[in-house]
Structure formats: structure tokens, C-alpha cells
Amino acid sequence: MATLTRQDLNFGQVVADILCEFLEVAIHLILYVREVYPSGIFQKRKKYNVPVQMSCHPELNQYIQDTLQCVKPLIEKNEAEKVVVVIMDKEHHPVERFVFEIFQPPLLSISSETLLSHVEQLLRAVILKISVCDAVLDNNPPGCTFTVLVYTRESATRNMEKVQVIKDFPWIVADEQEVLMQEPRLIPLKTMTSDIVKMQLYVEERAQKRQQNVP
Amino acid sequence: MDVCLYYKSDKDKLDDLVCVSEKVLEKFPHRVLPVFTPWFPSGTERSCPIKPKNPPPVILSNQENTSECSPQHLKWVFASGLCTDVQEESVVTSKRKLITIPTSGEQHTRNDLENVAKKSKRTWSVYSPKQKTSPRTHYTISRQLHKTLQKYGLDLHQRAKWIISELNCAPQNIEEVWTKISHAINHAKLPTCNANFQRKLVQIWVYCDLSYCEYIGNFLRENFQLSGELILSVHNLGDIFKL
């Protein structure tokens, strides 16, 4: 078994490619499962050898792609700590937060578990968990929308320039209102451990979804 | 509250003891501590995540209110038939892009949609999942239309579109007419038809075979109380007929 640093073989880029591809699938699936958008805009596709739902709405797809394209450099440099898909009610208070916590080991041990096929197996398990998560979550109020938050390891403002990859897709520091959730219920969904990346997915769910949070 | 004081039998000091006890029972003076604000960065800024400034698009199903047009019955499609097309009908409402679609469904073939003008913005269209033609196989066409078809060398199976503008709908709202047309197509009342609401142009385009076009035109006019001239347009030729 050989041990390499992250700079060797440009592993950062490989991990960013894999994770961004996964996050795209995951975001589409979350939006479908949690009924943020009408089910009619979704089509069944196959990814990681399992059926997934993907939006066929160009504007939504573009939005997700743009978001992830901006997140990619942060993942590549191991500066993204968490990527959170926040589902918000009409008043823009979070009702659910799908938290993807990412950890990339500084030293990489090359083994059979590093193979892409093995990583994809692990990602498949996460996807399957998302597809059935509605069983453990309460229904969301109507008229929900979503946003993607990125928690960085360093100061958010220091990373602001790094995410401004697309000219017409600016990033801002999130409002506290969109971040804080009153008395959230924690629902662990899945963890995965591979040589190149570790990830855990959990959901923070607002206790009273039908009521507006009053801080 | 009663307070009992137990003391050793020393009568001289009784007054002192009572005085001391009263003082002990007095409330301690207290003050509200100011909120601690460190002079160094608190870490709040670090913990605040970043997010895209632009909100995601909002997609609504505009026929949810009518029970007749439930998602099980209607299908929506991209008018161009391609999901990747950047052209999209959108209306900006209070900083957020609002896109309305008739309802859910599957993808549609491109054949019915080839007459969509490339310059116009794409919108959603409706067609019946169980497209049935009427038992009447022969629809008579007027001599005038027959001459027009001959003049342009058009086949009866070629597609054409009726253009319904806002003026045709008055005093109704064009949205109301669109709902009725969607319903009619869904229930196979308009043979060979599929329809397309060009919100950018404020027009409804009803596509049909030329063999049915006069029947469709009259049906539209009579059943949806349309007024004024309805224009029949054919791809590459433009307006060829008026009703």
C-alpha cells in the first residue's frame, strides 16, 4: 500500500469531480423527494446503477450546475467543510437542512478501496438513503424553496473570491435567518469512509414545520 | 414566610440577633451583567456559510386549482422538446423568477413542435396522452382553404397552427382560454391538436393537421367565445388563412 499526499496525482481535483457529480445527483433527488418542485419536472435516470430522479427543467438544472461549479474549487482545495441543502418555508426560515459533511484526509493510502468503483458503491448507498428519507421526515409546508450553503474551514469572506467562478453568479454570506434553526431534530442518514474522502450526511429538521420559527 | 430563630438564652443580645437576622433575610443587591462582547473576532463570521446570491427558480403548477386538470390527466412538455435549450418562458416577480407550467408529465416528441418560432421564448405546451381522433375521419374543407392549400402545395397531413391573441379572447382573460383549451385537448375534443402558450408573445398556438384545421378553428371560436380573426400559420410560409 502506497501513501501519497493530496498533491500527488492531483487527488484534490479527482475528489472534487467525484463529489460535485455526486452532489448534483443528491440535490436533484432531495428536491424531488422533499417535493420542493412539482414532480412533473423530474425524470427517472440511472446513476451509480440505481434509479434517481433528475430535473429536466433547464433553468433549475443550470442553477444547480452553476452552484456546484462554484463550490468545486473549494472542495478541490479542501476548504469546504460542509455543503448544506437548506429547504426553507415561505418566510425563508429553514425547515430542513441536508448536511453533507466532508473530510478529505491529508495523506492518501492507495488501496483497492481507492478505486472509483468502490467510491461509487459508497455514494450509491448515500443516494439510496436520500431516496427513502421521506419515511423519517415530516411533510414540508407548501411553497418551500431551497438554497445551498457552503461552510468553509476558514473565514467565509476569505473564500468569497474563490467561489466567484461564474461572472453572473455571485455569492454572499448567508443571513442568520437562513442558517439558524430552532430546536432541530437530528436525523443521521449515512456515513461513508473511503481512502480519498469521508463524508457524513444528516438532516436537521425543524420540530414544528407548520409554525414559523420565532427566534 | 415565617422565620424561626433559635438562639442561646442570652437576653441581652436578643435585639442584636433579631437585627442580624433581618439583615440576613434582606435581598442581596444585584446588577445585570452587560453582554460579553469580545474585542477579538468572535468566530461568528467564520461560522456563517456562503450561498449563491440568486435564488433558485420557482416552478409552479398553474392548474392545481382545477380538479379537471389533475397531473394524472395532463402532460406538460418543453415546447422545443429539448431540456437543454436555454430558451425558457419566465416572468420576473418580486426579485424571483416565476415559471408556470400547466402540470406534470412526460417528454413529448419533437414532431408536433417543429413550428415553434426560434426567436420566441419557449413555454410549456399541452397534449393529450391518449390522442384520439374523432370517429369522423373526413372533415370537409372550404373551397377557399382548398385553393390556399393548392396554391402553396400543402399536404392535408401537414401541421399548421391557429394563433389566438389576447384580442381574440376579450372580454375573457387569455389565461382562462388557455385553461379551457388545455382541458379540451386533454379530453381529446380537439383532434390532432397540441397547444402551446407563448406567454412572452401573449399568444396561444394551437397546432393541428391541415385536414382538421377549419374544424378546429370553428370549434375554438364557438366553444371558447373567441372574437375577431383567427390566423392560421404554417411553418416557413407564415399566415396563410384567416377565419
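In what follows, chains are A, B, ... by sequence order, proteins preceding strands, each numbered from 1.
- With a threshold of 4.5 angstrom between heavy atoms, Asp66(A) does not approach chain B through any atom at all.
- More than 12 heavy atoms of other residues, nucleotides or ligands sit less than 6.0 Å from atom CD of Gln65(A).
- Taking a 6.0 Å sphere around CZ of Phe22(A), one finds it holds more than 12 heavy atoms contributed by other residues, nucleotides or ligands.
- In this structure, the portion of Tyr37(A) lying under 4.5 Å from any heavy atom of chain B is its side chain and not its backbone.
- Nearest approach of Pro49(B) to Tyr151(A), heavy atoms of both residues: CG-CZ, 3.6 Å.
- Side-chain contact check for Asn54(B) versus Pro170(A): some heavy-atom pair is nearer than 4.5 Å.
- Lys51(B) is not listed as a side-chain neighbour of Val150(A), based on a closest heavy-atom distance of 4.5 Å or more.
- Counting heavy atoms of neighbouring residues, nucleotides and ligands inside a 6.0 Å radius, atom NZ of Lys129(A) does not exceed 12 of them.
- Closest of all the heavy-atom pairs between Val148(A) and Pro52(B) is O-CD, 3.2 Å.
- Considering all non-hydrogen atoms of both residues, Pro38(A) and Ile59(B) come closest at CD-O, 3.4 Å.
- Other residues, nucleotides and ligands contribute over 12 non-hydrogen atoms within 6.0 Å of the NZ atom of Lys82(A).
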